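I have placed the structure first, in the form of structure tokens, so that the comments after it can refer back to it.
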Number of protein chains: 2
Amino acid sequence: MTVPSPEHTADAAGSDDAARPDDVAPLEDVVQIRRSMPQASVERLPGYLRVLTELSSHGVTSASSQQLAELAGVGPAQLRKDLSHLGSHGRRGVGYDVDTLRERVQTALGLVVELPVAIVGAGNLGHALANYSGFGARGFTVVALLDASPALVGTEVAGVVVEDVARLAEVLRDLEVAIVVIATPGDQAQRVCDVVVGAGVREILNFAPRALHVPEGVELRSVDLGSELQILAFHSRERSGRPQG
Amino acid sequence: MTVPSPEHTADAAGSDDAARPDDVAPLEDVVQIRRSMPQASVERLPGYLRVLTELSSHGVTSASSQQLAELAGVGPAQLRKDLSHLGSHGRRGVGYDVDTLRERVQTALGLVVELPVAIVGAGNLGHALANYSGFGARGFTVVALLDASPALVGTEVAGVVVEDVARLAEVLRDLEVAIVVIATPGDQAQRVCDVVVGAGVREILNFAPRALHVPEGVELRSVDLGSELQILAFHSRERSGRPQG
DNA sequence: AACTGTGAATGACTTCACAGCC
DNA sequence: GGCTGTGAAGTCATTCACAGTT
């Protein structure tokens, strides 16, 4: 982690202290990605967008925070605070204009243009993801599908020809892929991840059951189906058995 | 503030579940499931279990919080605090015994016995989930797969014959299903969910792109693939474009 | 000397409650 | 009257830092 901080350390160029006594300046703090919105709020925006899209398609033009929150499964105060980070778009005493707000949320989420997605791993899960209509319906296009198995390379899945994963970096650059979905077995995930990062992609969604390491500045989200079940199992046990074994 | 949660679906088979005295409790305060462990810690346990299992299979018998944390992708202090909720199992000056700790975490997660899982929806996703080896490998058995489509009912997927979703409640009770995975289209998810809850199942994993409502006491986790991509898209935009549109 | 376990400090997120506007 | 937008208060989670143990 290299942190260039050309501020008050002007004369310290020669003596790069190895001992480092009681240093007063925590250097790592300087690099702050400007978080215009709390992460927790960002994670709820897609839910709001879904609700707004649904209402809009049913011809509803206006809704209160109460109604929207109910549909999205959150509290009204939380929804209002989340939306307030996008600016004021409601009308006091009235509510929110559904279409205006929908566009606003959509813009905030960067869904103005279709984003090209590549899926690595064409096994069970990769296959299902490529066919998943939810992607196309929500602003993403699967432009590439890659796998290591010679049996799969060259076959067509969901209208896309499966490429050899050896060509990964090349494909990512040629197609200007914005987001990569990793759906490989666990033991290949980190290697694939490194290649993806090396190719300049900075948004990764990982389905492999491994903790992946990415450099600063790369956004990684992980979904592990097995873990989800295990978390549920914890609560199941907490209920029926007594706590602590 | 009207919080409508009067749903108490007629739980017919409630014989041993008599732990509900008539408390004149004020509001939200009383309905506290005894959280022996913070939810955030629970959500990290599966990751620790995976690391411990891996180390164990490689013949490693001991590890420090530093090492475990690195592999799990968290900080050492956080890992220690998480594990402390399970009791003291490390040795100061030494570290943790891998096998002992693995068993302890496994027990805490309720994975002593195989838990029977049912999947509702045998489309792309349900199909992939049924075939997903990660489930079987981590303490779960898919005992039923159900769908509404006559074309699918009766076919065999992953060694299980697809049942008609009309028989859902019956199947759940007959097979004593502990956890239900909902992988239906969004517009059927709440209906399925209600049946599942009515049948007495209290752990639900939802993949449908809808916010589901469940009564108090039912644990619901939702994974929405489209939302995950949208969250990544947000960060992608935050980087390249200027903030606020 | 090395490392855990944990109170205390900090930080993040949620909820409250009300001023301001329609 | 109804509803949003938001500072303030409250709750939950992470990180620090060190006493305690081997």
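Protein chains get the first letters and strands the later ones, always in sequence-line order, with residue 1 at the start of each. Keep in mind the model is a prediction, meaning the values are calculated, not measured.
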Pair Gln230(A), Phe140(B) - check side chain to side chain contact (heavy atoms under 4.5 Å, CB included), show working.
CA-CA 9 Å; Gln230(A) 291 181 343; Phe140(B) 305 95; 3.8 Å; yes
Should the pair [X]-[Y] be classified as a salt bridge under the 4.0 Å nitrogen-to-oxygen rule?
X	Y	result
Glu54(B)	Arg102(B)	no
Arg239(B)	Glu203(A)	yes
Arg50(B)	Asp224(A)	yes
Asp194(A)	Arg191(A)	no

Do other residues, nucleotides or ligands put more than 12 heavy atoms under 6.0 Å from Glu114(B) CD?
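Counting neighbours around CD of Glu114(B), more than 12 heavy atoms of other residues, nucleotides or ligands fall under 6.0 Å, so yes.
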Protein-nucleotide distance ([X], atom [atom1]; [N], atom [atom2]), rounded to Å:
X	N	atom1	atom2	answer
Asp97(B)	dC3(C)	CG	C1'	15 Å
Leu83(B)	dT4(C)	CG	C1'	10 Å
Leu101(A)	dG5(D)	CG	C1'	14 Å
Leu86(A)	dT6(D)	CG	C1'	15 Å
His85(B)	dT6(C)	NE2	P	10 Å
Gln66(A)	dG5(D)	CD	P	15 Å
Gln39(B)	dC13(C)	CD	C1'	15 Å
Met37(B)	dT14(D)	CE	C1'	14 Å

For nucleotides 15-22 of chain D, read 5' to 3', which letter fits each nucleotide if B means a protein heavy atom sits under 4.0 Å from the base, S means only the sugar-phosphate is that close, and - means neither?
B-B-BBBS
If you only use heavy atoms from C-beta on, which nucleotide in [options] is closest to the side chain of [X]?
X	options	result
Ser84(B)	dT4(C), dC3(D), dG5(C)	dG5(C)
Arg44(B)	dT14(C), dG5(C), dT14(D)	dT14(D)
Tyr96(B)	dG5(C), dC3(D), dA13(D)	dG5(C)

The criterion is side-chain contact (heavy atoms from CB on, under 4.5 Å); which residues satisfy it with Val218(B), sequence neighbours excluded?
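Residues passing side-chain contact (heavy atoms from CB on, under 4.5 Å) with Val218(B): Val197(B), Arg202(B), Ile204(B), Val214(B), Pro215(B).
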Any side-chain N or O of Ser65(B) below 4.0 angstrom from OP1/OP2 of dT4(C)?
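The answer is yes; a side-chain N or O of Ser65(B) sits under 4.0 Å from OP1 or OP2.
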